Each structure stands twice: as C-alpha cells, then as structure tokens.
Student: 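If you scroll down you'll find the structure; I have some questions about it.
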Amino acid sequence: MMNGINRNPTEMLNYASKFEKSIEVIENELEGTIRDLNIYVSELDQKSQECVEKFENDCKELYNQLEEYRNLVKLLRKNANDINDIISSTRF
C-alpha cells in the first residue's frame with residue numbers, strides 16, 4: 001500500500017477508478033455467492049442455514065464498509081477536479 005495519495009489530479013482520478021473497480025468486483029462476488037447460497041439453502045441442515053444467515057448479515061456490514069469506500073472515491077474525484085480547476089484558473 002502507498003504511504004499517501006499522490007496529489008497529481010490525474011493520478012488521483014486513476015486511483016479513484018481503480019478503487020471503484022475493486023469495489024465493484026467485491027460487490028459482484030458477494031452478490032453472486034449470496035445468490036448461489038440461496039438456491040440451495042432450503043436443502044441444507046439447520047446449522048448450515050444458520051451459517052448462511054450469518055454470512056448474509058456479515059455481508060450487510062461489508063456493504064456498509066463498501067459504501068464508505070464509495071464515499072472516498074467521490075471525495076478523491078472531487079478533490080482532483082478542484083485541483084484541476086485551480087490549475088486551470090491560475091496563470092503562471
């Protein structure tokens with residue numbers, strides 16, 4: 001992991017895009033797993049059904065964390081755009 005975020009607006013936007021793609025991959029994997037488990041959950045024993053329910057609850061917490069990461073992506077994009085605005089409005 002990096003020690004900090006590069007303040008170059010292009011790098012910030014690239015970082016935000018990569019981060020956003022990672023969030024999408026995680027969400028898609030969680031949703032696919034939940035979908036697959038729900039197909040077979042009724043055929044499982046009680047203990048396994050409880051584990052599936054716990055997994056779904058854990059996923060809800062993960063979705064909350066992913067929402068925080070989405071907020072970080074929005075902030076990175078906003079900051080990059082603000083820096084670009086400052087650069088474009090400044091004459092050297």
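Being a predicted model, the structure only gives us computed values, none of them experimental.
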Student: Please list, chain by chain and in numerical order, all residues satisfying salt bridge (charged side-chain N to carboxylate O under 4.0 Å, His left out) with Asp82, sequence neighbours excluded.
Tutor: Lys78
Student: Say whether Tyr15 and Ile26 are linked into one hydrophobic cluster, either directly or through other cluster members, by side-chain heavy-atom distances under 4.5 angstrom.
Tutor: yes
Student: Would you give the length of the straight line joining atom CG of Asn8 to atom CD1 of Ile87, rounded to the nearest 0.5 angstrom?
Tutor: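 Result: 7.5 Å between the selected atoms.
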Student: Once side-chain hydrogen bond (donor to acceptor under 3.5 Å, both in side chains) is applied, what residue pairs with a partner in residues 31-44 remain, sequence neighbours excluded?
Tutor: Asn38-Glu56
Student: Not counting sequence neighbours, which residues clear side-chain contact (heavy atoms from CB on, under 4.5 Å) with Cys59? List them please.
Tutor: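 So Cys59 forms a side-chain contact (heavy atoms from CB on, under 4.5 Å) with Leu30, Ile34, Phe55, Tyr63.
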Student: Quick one: pull up CG in Asn81 and CE in Met12 and give me the separation to the nearest 0.5 Å.
Tutor: 9.0 Å
Student: Tell me, which pairs form a salt bridge (charged side-chain N to carboxylate O under 4.0 Å, His left out) where one or both residues lie in residues 9-28, sequence neighbours left out?
Tutor: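 Of all non-adjacent pairs touching residues 9-28, those that pass salt bridge (charged side-chain N to carboxylate O under 4.0 Å, His left out) are Glu20-Arg77, Glu27-Arg70.
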Student: What's the spacing between Leu76 CG and Asn71 CG if we round to 0.5 Å?
Tutor: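 That separation rounds to 11.0 Å.
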Student: Got a sec, which residues hit side-chain hydrogen bond (donor to acceptor under 3.5 Å, both in side chains) with Asn64, two or more places apart in sequence or on another chain?
Tutor: none
Student: Using 0.5 Å steps for rounding, measure from the SG atom of Cys51 to the CD atom of Gln46.
Tutor: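 Reported to 0.5 Å precision, the distance equals 10.0 Å.
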Student: Does Glu50, at its CD atom, have more than 12 non-hydrogen atoms belonging to other residues, nucleotides or ligands within less than 6.0 Å?
Tutor: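 More than 12 heavy atoms, drawn from other residues, nucleotides or ligands, come within 6.0 Å of this atom.
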Student: Rounded to the nearest 0.5 Å, how far does CD1 of Ile83 lie from OG of Ser88?
Tutor: 12.0 Å
Student: Sequence neighbours excluded, which residues qualify as side-chain contact (heavy atoms from CB on, under 4.5 Å) partners of Ser22?
Tutor: none
Student: Could you pull out all residues at least two apart from Gln65 that satisfy side-chain contact (heavy atoms from CB on, under 4.5 Å)?
Tutor: Leu62
Student: Only counting residues at least two apart or in another chain, list the ones meeting side-chain contact (heavy atoms from CB on, under 4.5 Å) with Lys54.
Tutor: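 side-chain contact (heavy atoms from CB on, under 4.5 Å) list for Lys54, sorted by chain: Asp58.
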Student: Using the side-chain hydrogen bond (donor to acceptor under 3.5 Å, both in side chains) criterion, which residues pair with Glu68? Sequence neighbours excluded.
Tutor: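 Once residues adjacent in sequence are excluded, Glu68 has no partner under the side-chain hydrogen bond (donor to acceptor under 3.5 Å, both in side chains) criterion.
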